[in-house]
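Only a predicted model underlies this, so the values are computations on that prediction, with no experimental measurement involved.
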Number of protein chains: 2
Amino acid sequence: MAHPEPADLRLDKVLAALADPARLLAVRAPAEQGESPCTGLQQAAGLDISRSTFSHHQRVLREAGVIRVRVDGSRRMFSLRRAELDSCFPGLLDSVLNTAPELLGAR
Amino acid sequence: MAHPEPADLRLDKVLAALADPARLLAVRAPAEQGESPCTGLQQAAGLDISRSTFSHHQRVLREAGVIRVRVDGSRRMFSLRRAELDSCFPGLLDSVLNTAPELLGAR
DNA sequence: TGTATATGTCGATAGACATCGAACACTCCG
DNA sequence: CGGAGTGTTCGATGTCTATCGACATATACA
């Protein structure tokens, strides 16, 4: 369960991680609610996908450095790596999170 | 040679179009120099790829609504669709263009 | 100690994508 | 007209990605 260092964040990877409607939705829940458990996040995002697929998306976001995953008992708690992202790519996360849901893309 | 209407821009498509080191480079030239011819743009971006590959990238950027292509004699002139992008996704383009070249990603 | 809950991993599959060279189309200029 | 310059399209190829179901793992709880 590796997280990249802030110095290792790359814009193309971050953009690729965000360039998916499911992941754009998944990233909004921890942005609004703070740290969220995996299941709650999936439900909050209204994602009708299998657990393994969600786990895959979670890994993509984590390996790109967009989210942090913390083990808490039997659950995983997700949070946005907002400070690191804002530091490396100022304004990027805000512009993505402020986009109206209708403009995110088709599922 | 179709360009999407501003109302048809979708964040996931724009992010996907930008989520490539070659395209991130290609987009910086017209941002700095204004309207640029294709060849000049490719050279300015330092892209060592074939013409057909560059043409492919150009198409991806155009179909996502990131750039506009105008035919001028035997050449194509490229420009950023800055106004439309800023209107739909405020701050996104700026954050991408302001990112240091070393952070764009590996080629 | 079982049993239920929560989540990751594996292997398969189907579709998307980056890349190239070759061939084609169009414009400009001599 | 014909060659040079500019760029697109096509077909092939290798790689990546999204998705799933099944299985494994780990914690929590009775």
Side-chain angles (χ1 to χ4, degrees), chain A residues 1-3 10 12-27 29-30 35-64 66-79 104-107, chain B residues 1-3 10 12-27 29-30 35-64 66-79 104-107:
Chain A
M1 177 103 79
H3 294 76
R10 290 296 175 267
D12 64 329
K13 301 299 181 191
V14 172
L15 292 174
L18 294 171
D20 182 288
R23 292 196 288 262
L24 281 174
L25 283 174
V27 130
E35 207 177 37
S36 317
C38 181
T39 303
L41 196 162
Q42 179 171 1
Q43 292 174 349
L47 290 174
D48 186 21
I49 57 183
S50 71
R51 292 196 315 280
S52 55
T53 299
F54 188 81
S55 186
H56 161 70
H57 287 314
Q58 171 265 120
R59 172 197 282 258
V60 172
L61 288 168
R62 174 173 51 79
E63 293 184 344
V66 177
I67 63 173
R68 179 179 295 105
V69 183
R70 181 174 67 83
V71 176
D72 173 41
S74 71
R75 297 184 307 177
R76 264 70 174 173
M77 300 301 283
F78 292 65
S79 52
L104 295 186
R107 304 249 13 261
Chain B
M1 177 104 82
H3 294 75
R10 289 297 173 269
D12 63 329
K13 301 300 181 189
V14 172
L15 293 175
L18 293 172
D20 181 289
R23 293 196 287 263
L24 282 174
L25 283 175
V27 130
E35 207 177 36
S36 318
C38 180
T39 302
L41 195 162
Q42 177 171 0
Q43 292 174 350
L47 290 175
D48 186 22
I49 57 181
S50 71
R51 290 197 314 281
S52 56
T53 299
F54 188 82
S55 186
H56 161 70
H57 287 314
Q58 171 265 121
R59 173 197 281 259
V60 172
L61 289 168
R62 174 173 51 78
E63 292 183 345
V66 177
I67 63 173
R68 180 179 294 107
V69 183
R70 180 175 68 84
V71 175
D72 173 41
S74 69
R75 298 184 307 177
R76 265 72 172 170
M77 299 302 283
F78 292 65
S79 53
L104 295 185
R107 302 254 10 265

Between [X] and [N], is there a side-chain N or O to OP1/OP2 distance below 4.0 Å?
X	N	answer
Ser50(A)	dG21(D)	no
Arg51(B)	dC20(C)	no
Ser55(A)	dG8(C)	yes

Each nucleotide N or O in nucleotides 15-17 of chain C that has a protein N or O under 3.5 Å away: list the pair and distance.
none

If you measure only the distance, is there a donor-acceptor pair under 3.5 Å linking the side chains of Ser55(B) and Ser52(B)? no
Using whole Å, what does the distance between atom [atom2] of nucleotide [N] and atom [atom1] of [X] come to?
X	N	atom1	atom2	answer
Asp48(B)	dA18(C)	CG	P	18 Å
Gln58(A)	dT19(D)	CD	C1'	16 Å
Gln43(A)	dT5(C)	CD	P	13 Å
Phe54(A)	dG8(C)	CZ	C1'	13 Å
Leu61(B)	dA18(C)	CG	P	10 Å
Gln42(B)	dT8(D)	CD	P	11 Å
Leu41(A)	dA6(C)	CG	C1'	14 Å
Arg70(A)	dG8(C)	CZ	C1'	18 Å

Touch class at under 4.0 angstrom, heavy-atom based, for Arg76(A) against every strand present: sugar-phosphate
[X], nearest nucleotide to its side chain (from [options]):
X	options	answer
His57(A)	dT19(D), dG8(C), dT6(D)	dT19(D)
Val60(B)	dG21(D), dA18(C), dC20(C)	dA18(C)
Ser74(A)	dT19(C), dT6(D), dT27(D)	dT27(D)

Identify, with sequence neighbours excluded, every residue that meets side-chain contact (heavy atoms from CB on, under 4.5 Å) alongside Ala22(A). Asp20(A), Leu47(A), His57(A), Arg107(A)
Is a side-chain N or O of [X] found less than 3.5 angstrom from the main chain of [Y], in a donor-acceptor match?
X	Y	result
Arg75(B)	Arg70(B)	no
Arg76(A)	Cys38(A)	no
Gln58(B)	Phe78(B)	no

Take Arg68(A) and Arg62(A) through the test side-chain contact (heavy atoms from CB on, under 4.5 Å) and record every step on the way to the result. CA-CA 6 Å; Arg68(A) 179 179 295 105; Arg62(A) 174 173 51 79; over 6 Å; no
For Ser52(A) and Phe78(B), find the nucleotide of DNA chain D closest to each by heavy atoms; which residue's nucleotide sits nearer the 5' end? Phe78(B)
Toward the 5' end of DNA chain C, by each residue's nearest nucleotide, Asp72(B) or Met1(A): Met1(A)
Nearest 0.5 angstrom please: Leu61(A) CG to Ile67(A) CD1, how far? 5.0 Å
